[in-house]
Amino acid sequence: MASMRSHRNIPETKTGSITPEERRATYRTIAGLAIPTFGQLIASPLFVMIDTAIVGHISDSALAGLSIGSTVVLTTVGLCIFLAYGTTSQVARLMGAGRRREGMQAGVDGMWLAFVIGLVVCALLLALSRPICSLMGARGPVLQAAQTYLNALVFGLPAMLLVYAANGIFRGLQKVKITLVAAVSGAILNTALEVLLVFGLHMDILGSGLATLIAEWAMGLFLTIPALVWARREGAQLQPRLSGMAASMGDGFPLFLRTLALRVCLFMTVVAAAHLGEQVLAAYQGVNSAWNFGLNMLDAVGIAGQSLVATELGAGQRSRARVMTDLSARAGMAMGVLVGLVMIALGLFAAPLFSPTPAIRSLITVGMIVQGVFMPVAGWMWALDGILIGAGDYRYLAATCSLTAVIYLIGLLGMTALAMNWTPTWRIAMLWAVLNVLFIGVRAICNGWRTRTDVWMGTIGQVKEA
């Protein structure tokens, strides 16, 4: 495969030094993987961002309700990110070791696990949607809007989890252009249905949820079918295998704990925003939708590095893995600078897209500027996060992210208590500042320290039999 061969010309060195031409070739390889990968990553956040732009013109309570409902959905989907990350690493390592059929089999097992988890989670959220939204601080019209949106969207969870698992196959094979096509097509379909159902048929926030539901299933079918076709061509079994599903769950459990710790932090951030007032919560949703979109651009760089490093480690090329790590981290920081500038520009010039209310527009501008300033650090941290996942350093990530959660939640609780006497502008600014300093900053320190050693490259062990 061209994309898999293109970085093989990096020489074996102990110092990790490469020529400028080889460095540029490596960056092109990273970009060639990261840009299409971004397509799959932005699916859920992009749908929520489209929902936000349209629902924001219904009412402030509808926008605040969307913030609650979408947070529940994104949290749920995010908790299952191990379905993509674990599958990507396993498939790439097996491919690097020359074991293609076993790599594809691992991908199929991950897809079956995703579908089963999606069905179970869908049933649970449908039964518990109102208590969950109420627990997050939604009341009155905001609670009704949140529950309506969530009840429509939960039926799309099996499809979105299938997309995550299928993309583990695409990333491991470094065949990721199809994910960009799927994301663009899904966004176009979602936007058209949003306009029709919300404004044309006057279904308000219910129409928004239904539009996203339909787009999610369209994406799910678009990506799942070719993934299974490619797996079958390599000789993988398509029927469910309990042993394979159990192995995927076992590999992914530390990643699940890592993600659970991080998602608890983001979940509690929304709870804090809800307690800081309806305007702060509505503005938080506007900033958060753009932030999630930008973070997926950073994550795409991390996943590109994850795939390349996992392939090199699977082939036993540790020095090449070190080179790919260094270059991926630099690419992540550069992407963070770009995304940060875009977020600041959005805050200054595009806030009206998210709300017609002047006060909320002003708060969105403040939040966007704060986020933009911290984005370069986030880009560097996210790249290293992907590298450590690619190396299979799951337990370290679970431990450090749990530590981050404890530190962040203590800081968030203290800030929320103090902020009750502040103006809304200071509340939104400090909410995002605390998130960046503690939630992003602590993880950046932990990841940076880990990758300065060689310990993480020894965690991958022997590639398991599929």
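Atom set for the values below is all heavy atoms of this structure, side chains included, hydrogens, waters and symmetry mates excluded.
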Is a side-chain donor or acceptor of [X] paired with a backbone partner of [Y] at a separation under 3.5 angstrom?
{"X": "Thr453", "Y": "Arg450", "answer": "yes"}
{"X": "Thr416", "Y": "Ala272", "answer": "no"}
{"X": "Ser208", "Y": "Asp204", "answer": "no"}
{"X": "Arg361", "Y": "Ala351", "answer": "no"}
{"X": "Asn190", "Y": "Gly186", "answer": "no"}
{"X": "Thr451", "Y": "Gly448", "answer": "yes"}
{"X": "Ser355", "Y": "Thr357", "answer": "yes"}

message: As a quick check of understanding, evaluate side chain to side chain contact (heavy atoms under 4.5 Å, CB included) for Leu348 and Thr365, giving each step before the final call.
response: CA-CA 6 Å; Leu348 293 174; Thr365 298; 4.1 Å; yes
Minimal non-hydrogen separation, Ala145 against Ser61, with atom names: CB-O, 4.1 Å
query: Which atom names give the shortest non-hydrogen contact between Pro376 and Val337, and what distance separates them?
result: CG-CG2, 3.8 Å
Is any side-chain heavy atom of [Y] closer than 4.5 Å to one of [X]?
{"X": "Arg322", "Y": "Asp454", "answer": "yes"}
{"X": "Thr76", "Y": "Leu125", "answer": "yes"}
{"X": "Trp426", "Y": "Val366", "answer": "no"}
{"X": "Leu412", "Y": "Met415", "answer": "yes"}
{"X": "Arg130", "Y": "Leu143", "answer": "yes"}
{"X": "Val287", "Y": "Trp432", "answer": "yes"}
{"X": "Asp393", "Y": "Met457", "answer": "no"}
{"X": "Ser328", "Y": "Ile30", "answer": "yes"}

- prompt: Does a salt bridge link Asp385 with Arg258, judged by any charged N lying under 4.0 Å from a carboxylate O?
  reply: yes
query: Are side-chain N/O atoms of Tyr408 and Thr269 paired as donor and acceptor at under 3.5 Å?
result: yes
Pair Met375-Leu298, side chain to side chain contact (heavy atoms under 4.5 Å, CB included): steps then yes or no: CA-CA 9 Å; Met375 270 295 182; Leu298 306 183; 3.8 Å; yes
query: Has Arg443 got its NZ or CZ under 6.0 Å from the middle of the six-membered ring of Trp382, at an angle within 45 degrees of the ring axis?
result: yes
field: Of Asn447, Thr325, Asp326, the residue whose pairing with Ile387 passes side chain to side chain contact (heavy atoms under 4.5 Å, CB included)
entry: Thr325
query: Are Trp217 and Phe155 close enough that their ring centres sit under 6.0 Å apart?
result: no
message: Let's go through Leu210 and Leu206 carefully: what are the C-alpha distance in whole Å and the side-chain angles of both, what is the deciding distance for side chain to side chain contact (heavy atoms under 4.5 Å, CB included) to 0.1 Å, and is it a yes or a no?
response: CA-CA 6 Å; Leu210 292 175; Leu206 174 61; 4.1 Å; yes
Chi angles and distances behind the side chain to side chain contact (heavy atoms under 4.5 Å, CB included) call for Leu281, Val270: CA-CA 7 Å; Leu281 177 59; Val270 178; 4.1 Å; yes
